[in-house]
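Accompanying notes for the structure given below.
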Amino acid sequence: MDWVKLLLNWYLENKRDLPWRRQKDAYAIWISEIMLQQTRVDTVLAYYTRFLERFPTVRDLAQADIDEVLKYWEGLGYYTRAKNMHKAAGEIVRHHQGVFPQTYREVLALPGIGPYTAGAVMSIAYNQPYPAVDGNVLRVMSRLYLLKKDISQPAVKKEVENLVKQAFPAEQACDFTQALIELGALVCLPTAPKCFGCPIRQDCKAFQENLQNALPSKQKKPARKSVIRYIALIQQGDRILMNKRPADGLLGGLWEFPGVEGKNKKEFCEKFKIKYGVDIFPDSHWMDTKHEFTHLIWEMKIYRCRLDPAETIKETRLQWIPLQELNTIAIPTAFQKIKNTLLNTNSSRGRFLT
DNA sequence: AATGCGGGGCG
DNA sequence: CGCCCAGCATT
């Protein structure tokens with residue numbers, strides 16, 4: 001296959017200088033691959049170095065509190081990745097003496113590691129010829145071999161894995177895996193691929209038939225649903241009432257301004273009572289904000305609320321948090337605008353008073 | 001095989 | 001505004 005050598009040469013000349021490419025530590029490679037799942041390089045850059053400085057080894061990660069790990073993950077999304085990584089670090093300490101496992105079977109068995117990440121770690125950290133098929137590789141290979149079937153079908157991914165396996169150059173698994181991905185990231189783009197800068201266009205069947213813009217074929221996702229969420233801003237002095245979301249599910253384990261889905265203020269109060277066990281009295285409408293997830297849209301209506309003075313907080317997920325400590329707990333992006341507005345309001349008032 | 005799970009950047 | 005991205009776990 002002529003294209004393999006051409007691709008390798010192109011990669012060695014054009015690869016980006018990325019922090020996870022500066023060493024071969026399997027632990028550090030693993031962290032990068034988890035962060036990069038469904039996440040762009042530019043986004044990860046801001047997190048990667050900071051995370052490794054705080055958790056330089058698998059033991060440091062295993063010993064850390066999950067809440068601190070989540071704080072370092074704050075804003076990165078898909079928070080089960082952090083939870084699974086923390087769990088996997090514990091397994092590596094207990095079952096592998098703190099040394100990152102070196103066989104595909106053992107790597108794949110770790111929580112949060114699927115076929116892609118296992119292949120990436122095996123090939124990039126250990127230079128072993130295990131295919132790592134992500135969205136980039138699916139796109140590159142579907143064009144190169146003119147695979148017209150929907151790439152979301154598992155059978156297509158299997159076929160691409162086999163094609164990559166056949167193509168692996170001897171002793172260059174590390175570079176080859178990254179070369180395929182790098183080509184997808186820099187040249188073989190989803191829309192408007194830069195075919196005339198592509199080192200393997202002569203071997204690309206899609207390019208030959210001018211079908212590069214029609215591939216890969218992919219089914220489109222259903223429309224998102226929008227829901228109204230009422231948020232209670234409950235402040236007493238310099239403390240604000242926050243809720244820690246359940247460990248599993250959406251934004252699991254992160255902190256939020258307590259709220260419920262609902263149609264109106266009446267439902268707001270009723271559902272709040274059921275969910276949190278306290279009566280609230282919405283005083284003033286404070287602000288509105290919207291947050292769009294991949295699969296869901298929250299239209300948030302935030303009200304300043306009073307509690308019954310005699311009310312005590314029994315729900316253990318609810319906790320009074322001093323305003324100064326709001327920046328020390330993990331709060332997802334959905335609530336950052338509320339948090340910042342709150343902190344600005346209070347700090348400007350404070351300055352005015354002093 | 002289908003669904004839930006974040007967030008940001010782009011045209 | 002829709003689409004896409006260095007996917008995995010669960011059902």
Side-chain angles (χ1 to χ4, degrees), chain A residues 15-16 18-21 29-48 70 73-85 87-88 107-125 131-140 150-158 160-161 164 174 177-186 188-193 213 216-226 245-254 256 290-298 330-337:
Chain A
K15 65 177 177 180
R16 290 167 292 178
L18 300 172
W20 45 91
R21 288 181 177 162
I29 303 287
W30 169 52
I31 302 292
S32 75
E33 290 301 338
I34 301 297
M35 285 189 173
L36 286 161
Q37 286 170 10
Q38 298 296 101
T39 310
R40 284 185 163 73
V41 166
D42 285 343
T43 305
V44 169
L45 285 176
Y47 289 82
Y48 183 71
L70 284 173
W73 208 267
E74 180 186 87
L76 201 48
Y78 287 139
Y79 298 93
T80 55
R81 292 184 294 176
K83 200 174 66 180
N84 281 332
M85 246 180 40
K87 190 175 169 192
V107 172
L108 185 62
L110 293 169
I113 295 190
Y116 164 75
T117 306
V121 171
M122 291 307 294
S123 61
I124 296 173
V133 177
D134 70 339
N136 287 305
V137 178
L138 280 171
R139 185 171 61 256
V140 168
D150 189 325
I151 59 167
S152 63
Q153 294 176 3
V156 174
K157 192 183 164 192
K158 207 79 183 170
V160 169
E161 283 172 348
V164 171
C174 173
T177 289
Q178 295 187 86
L180 277 172
I181 295 168
E182 195 78 337
L183 190 74
L186 299 181
C188 196
L189 305 175
T191 56
N213 292 313
S217 70
K218 206 171 183 180
Q219 69 178 6
K220 59 176 183 180
K221 307 265 174 158
R224 285 176 295 185
K225 282 187 177 166
S226 184
R245 296 176 62 86
D248 296 314
L250 181 66
L251 306 175
L254 278 79
E256 66 179 349
K290 181 168 79 168
H291 186 78
E292 304 190 11
F293 300 95
T294 304
H295 60 298
L296 177 70
I297 299 173
W298 276 355
I331 299 173
T333 301
F335 300 104
Q336 287 294 332
K337 188 176 173 187

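Here the structure is a predicted model, which is why all the values come from computation and not from measurement. We name chains A, B, ... by the order of the sequence lines, and we start the count at 1 in each one.
Remark: A:S226 engages A:I297, A:E299 in a side chain to side chain contact (heavy atoms under 4.5 Å, CB included) (not counting sequence neighbours). Every side chain to side chain contact (heavy atoms under 4.5 Å, CB included) that A:T39 has, sequence neighbours left out, goes to A:T43, A:V44, A:L76, A:R81. Scored by the side chain to side chain contact (heavy atoms under 4.5 Å, CB included) test, A:L189 finds A:K194 as partners (sequence neighbours excluded).
Across the P atoms, C:dC8 and B:dG8 are found 22 Å apart, a figure rounded to whole Å. Separation of the P atoms belonging to C:dA6 and B:dG11 is 16 Å when rounded to the nearest angstrom. As rounded to the nearest Å, C:dC5 and B:dC5 have C1' atoms that lie 14 Å from one another.
Nearest-nucleotide positions on DNA chain C place A:A185 closer to the 5' end than the other of A:A185 and A:P111.
A pairwise comparison of heavy atoms in A:S123 and A:T177 identifies OG-OG1, 2.9 Å as the closest pair. Across all non-hydrogen atoms, the minimal contact from A:A185 to A:R139 is N-NH2, 4.4 Å.
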Strictly under 4.0 angstrom, non-hydrogen atoms only: write out the protein contact profile of nucleotides 5-11 of chain B, one letter per nucleotide from the 5' end, B, S or -. BBBB---
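In this structure, A:S32 reaches neither bases nor backbone, as no heavy-atom distance under 4.0 Å exists between it and the strands shown. No contact: A:R245 has no heavy atom under 4.0 Å from any strand. Nucleic acid contact for A:L18: base, since at least one base atom lies under 4.0 Å from a heavy atom of the residue. No engagement by A:V137 is indicated, since no non-hydrogen atom pair under 4.0 Å with the nucleic acid exists. A:W20 comes within 4.0 angstrom of a base, heavy atoms only.
Aromatic pair A:F293/A:W298: ring centres closer than 6.0 Å.
Taking 4.5 Å as the limit, every side-chain heavy atom of A:W20 sits out of range of all side-chain heavy atoms of A:M35.
The closest donor-acceptor contact from the side chain of A:Y79 to the backbone of A:A247 lies at 3.5 Å or more, if one exists at all.
Extent of DNA chain C lying under 4.0 Å from chain A heavy atoms, first and last nucleotide in 5' to 3' order, is C:dC4 to C:dA9.
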Can you list, pair by pair, the side-chain donor-acceptor contacts under 3.5 Å of residues 111-122 of chain A, counting residues two or more places apart and other chains?
from   : atom 1 : to    : atom 2 : distance (Å)
A:Y116 : OH     : A:E33 : OE1    : 2.7
A:T117 : OG1    : A:Q37 : NE2    : 3.0

